[in-house]
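A quick write-up on the structure given underneath.
This structure is a prediction, so every number in the text was calculated from the model and none was measured.
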Amino acid sequence: MQQDVEQIVERVALKLGRGLSLEDLDGVLLAYSSNQSHADRVRVNFLLSKRVPSDVSAWQLAHGISTAVRPVVVPANDELGMLGRVCVPLLVRGFRVGYLWVQLDLEEQSATAILAELPGVRDELDLLAGLLLDSNTAESEFRRRREQEFLSACGGESNAVAAVAGWKEIQGRGPWQLVTILDPDGARSDVDPIAATLTHRSAALQSTIGVNAALFSAGTETHSVVLFRESGGRADHAQVLVHYQLELAKRAGRKVDRVILGISEPFQVIRQVSGAYRQSKVAAQAASVDQPLGELVDSRAVGVYQLFDRLVAPGGWDDTGSVHFRALEDHDKNGELLPVLELLYDNDGSVQDVAAKLHLHRSSIYNRLGRIRQLIGADPLSGAIRLELHAALKARRWAGRPRI
């Protein structure tokens with residue numbers, strides 16, 4: 001693999017007619033080209049030491065290379081003995097795997113020529129990124145292993161729970177909350193699972209940068225999971241939501257209309273993480289099918305949906321057990337009765353509020369309630385009937401949730 005990487009770097013260098021160096025995410029030299037009309041002090045030291053010095057790294061990071069998805073121009077720094085450069089982030093389906101550096105020549109005043117030449121080596125850059133992903137460098141392998149361990153702990157695997165409890169970023173920083181981040185439109189069965197996992201991993205990593213309350217993140221095929229320090233406020237969660245939505249759109253290459261954060265109850269010991277994970281998933285799934293719940297959703301706020309996760313039959317939800325609900329569903333072909341009923345239940349039986357939301361006169365609401373009474377032979381606003389129908393309405397929504 002290393003030989004292939006070096007050959008591609010040489011090939012790109014010849015096409016561009018410039019000196020190149022390839023480094024991993026830690027600034028460790030992976031490969032470099034042999035041709036270079038002039039090597040500045042930084043390049044010479046880098047090739048000798050095989051690692052980017054801290055002062056050079058700080059200068060590069062100050063220009064946003066760690067979050068960039070397109071080439072970044074890093075200006076010269078006379079104090080460091082550094083000519084201008086172009087940093088090309090190497091990504092695979094949104095997952096960052098390394099950086100390719102193209103040095104400007106002595107007489108060049110801008111990077112315009114380099115930026116214009118880069119599209120001509122796009123295929124080589126994609127191949128190079130793929131090889132780096134497959135190389136399983138220490139850092140990427142370490143990160144993947146920790147994410148898998150964290151997700152196993154969320155799933156209740158006892159050895160993983162014990163391992164996560166020993167992580168330095170976890171110890172002494174409780175109580176915690178677990179957050180499930182869900183893009184309802186993205187949890188489909190027709191997506192590439194590898195691409196989806198990489199996208200969610202990357203979006204979670206990038207959106208939690210600089211958020212001190214976010215202790216660790218992991219991505220799955222359908223969603224991301226973030227461990228937060230417990231907080232009464234939601235400012236950090238809101239920040240992550242906004243950044244995650246932007247990162248997801250950028251990496252998935254599509255419009256992302258809505259992102260949901262399902263937030264668990266606080267927990268005091270790591271062995272409770274699996275229960276918190278279930279709470280956060282249910283909250284996110286409930287909000288995906290019941291939009292009035294909002295985008296920042298505490299598990300305690302989703303009401304009866306908390307019960308449905310424990311009541312799913314092997315074949316999925318079967319609402320034929322409610323005779324009254326089946327009668328209404330059979331006769332409500334135009335969708336005039338059940339939506340009104342659900343709004344009434346969700347708004348404490350206020351006819352005026354429901355009429356305003358549906359832009360109808362109150363008499364229209366009363367007429368529909370009368371039709372419902374006739375169909376089921378009972379008052380839909382009475383205690384037991386109301387509980388039965390309201391639960392059936394929410395269960396029908398729950399049946400359409402994203403499976404995560």
Would you say the side-chain atoms of Q306 pair up with the backbone N or O of G303, donor to acceptor, closer than 3.5 Å? yes
Closest heavy-atom contact between V86 and A111? CG2-CB, 3.5 Å
Does atom CZ (R386) have a neighbourhood of more than 12 heavy atoms from anything else shown, all under 6.0 Å? yes
Between D185 and V256, is a side chain to side chain contact (heavy atoms under 4.5 Å, CB included) present by the stated rule, with each step listed? CA-CA 8 Å; D185 296 329; V256 178; over 6 Å; no
Locate the shortest heavy-atom distance separating A153 from A160; write the atom from each residue and the value. N-CB, 3.5 Å
Minimum heavy-atom distance P119-A116, with the two atoms named: CD-O, 3.4 Å
Hey, are E108 and R18 close enough for a salt bridge, meaning a charged N less than 4.0 Å from a carboxylate O? yes
Quick check for you: to the nearest 0.5 Å, what is the distance between L393 atom CG and L328 atom CG? 8.5 Å
Stepwise side chain to side chain contact (heavy atoms under 4.5 Å, CB included) check, Q103 with M82: CA-CA 9 Å; Q103 181 186 301; M82 178 178 176; over 6 Å; no
Is there side-chain contact between S288 and P402, with heavy atoms separated by less than 4.5 Å? yes
Which pair of non-hydrogen atoms, one from P89 and one from Y99, has the smallest distance, and what is that distance? CA-CD2, 3.9 Å
State, yes or no, whether a side-chain contact exists between K15 and E124 at a heavy-atom distance under 4.5 Å. yes
Does atom CG of N212 have more than 12 heavy-atom neighbours from other groups under 6.0 Å away? no
Is there a donor-acceptor pair closer than 3.5 Å between any side-chain N or O of S364 and the backbone N or O of L360? no
Cation-pi check, R143 to F216: give yes when NZ or CZ is under 6.0 Å from the six-membered ring centre and within 45° of the ring axis, no otherwise. yes
Determine whether the side chains of D183 and H200 contain a donor N or O and an acceptor N or O closer than 3.5 Å. no
Give, for atom CZ of F325 and atom CD1 of I385, the distance between the pair rounded to the nearest 0.5 Å. 13.5 Å
For side-chain hydrogen bond (donor to acceptor under 3.5 Å, both in side chains), just list the numbers for S34 and E10, CA-CA rounded to whole Å, side-chain angles, deciding distance to a tenth of an Å, and then say yes or no. CA-CA 7 Å; S34 56; E10 287 287 2; 3.1 Å; yes
Under a 4.0 Å N-O cut-off, is there an ion pair linking E342 with K394? yes
Might you confirm whether atom CZ of R362 has over 12 heavy atoms from other residues, nucleotides or ligands at distances under 6.0 Å? no
Look at atom CD of E169 and say whether more than 12 heavy atoms of other residues, nucleotides or ligands are closer to it than 6.0 Å. yes
Flag side-chain contact, heavy atom, 4.5 Å: E6 against Y32: no
Is the closest side-chain heavy-atom distance between D40 and V44 below 4.5 Å? no
What heavy-atom pair brings S299 and A283 nearest, and what distance separates the two atoms? CA-CB, 3.9 Å
Rounded to the nearest 0.5 angstrom, the CD-CG distance for Q285 and D290 is 13.0 Å
Could you list all the salt bridge (Lys or Arg N to Asp or Glu O under 4.0 Å) pairs where at least one residue sits in residues 49-64, not counting sequence neighbours? none
When rounded to the nearest 0.5 angstrom, what is the spacing between CG in L389 and CD1 in I376? 5.5 Å
So, do V225 and K281 sit near enough that their side-chain heavy atoms are less than 4.5 Å apart? no
Are any of the side-chain heavy atoms of V351 and Y366 separated by less than 4.5 Å? yes
Is it the case that more than 12 heavy atoms not belonging to D78 sit under 6.0 Å from its CG atom? no
With sequence neighbours left out, what residues match W59 under ring-ring contact (aromatic ring centres under 6.0 Å, His included)? H63
Full working for side chain to side chain contact (heavy atoms under 4.5 Å, CB included) between L341 and L337: CA-CA 6 Å; L341 200 58; L337 304 180; over 6 Å; no
Side chains of P175 and F267 in contact at under 4.5 Å (non-hydrogen atoms): no
Once side chain to side chain donor-acceptor pair (under 3.5 Å) is applied, what residue pairs with a partner in residues 171-182 remain, sequence neighbours excluded? T180-S280
Ion pair D353/K357, N-O distance below 4.0 Å: no
So, do Y305 and V297 sit near enough that their side-chain heavy atoms are less than 4.5 Å apart? no
Would you please test F46 and S21 for side chain to side chain contact (heavy atoms under 4.5 Å, CB included) and show each step? CA-CA 9 Å; F46 181 39; S21 60; 3.9 Å; yes
Using the ring pair (Phe, Tyr, Trp, His ring centres under 6.0 Å) rule, collect all pairs that involve residues 220-239, keeping only residues at least two apart or in two chains. F228-H237
Who passes side chain to side chain contact (heavy atoms under 4.5 Å, CB included) against L381, sequence neighbours left out? Y345, L369, D379
Any pair counted as salt bridge (Lys or Arg N to Asp or Glu O under 4.0 Å), so long as it reaches residues 231-245, sequence neighbours left out: R234-D298
Are more than 12 heavy atoms from other residues, nucleotides or ligands located less than 6.0 Å from atom NE2 of H331? no
Identify the two heavy atoms, one from L338 and one from E329, that lie closest to each other, and give their separation to 0.1 Å. CD1-CA, 4.0 Å
Give, for atom CG of L115 and atom CZ of R70, the distance between the pair rounded to the nearest 0.5 Å. 12.5 Å
Atom CD in E265, atom CD1 in I263: separation rounded to 0.5 Å? 10.5 Å
Would you check if the side chain of R403 reaches a backbone N or O of R401 as a donor-acceptor pair within less than 3.5 Å? yes
Is any NZ, NE, NH1 or NH2 atom of the basic residue among R368 and D332 found under 4.0 Å from an Asp or Glu carboxylate oxygen of the other? no
Indicate whether any N or O donor in one side chain lies under 3.5 Å from an N or O acceptor in the other, for Q206 and H243. no
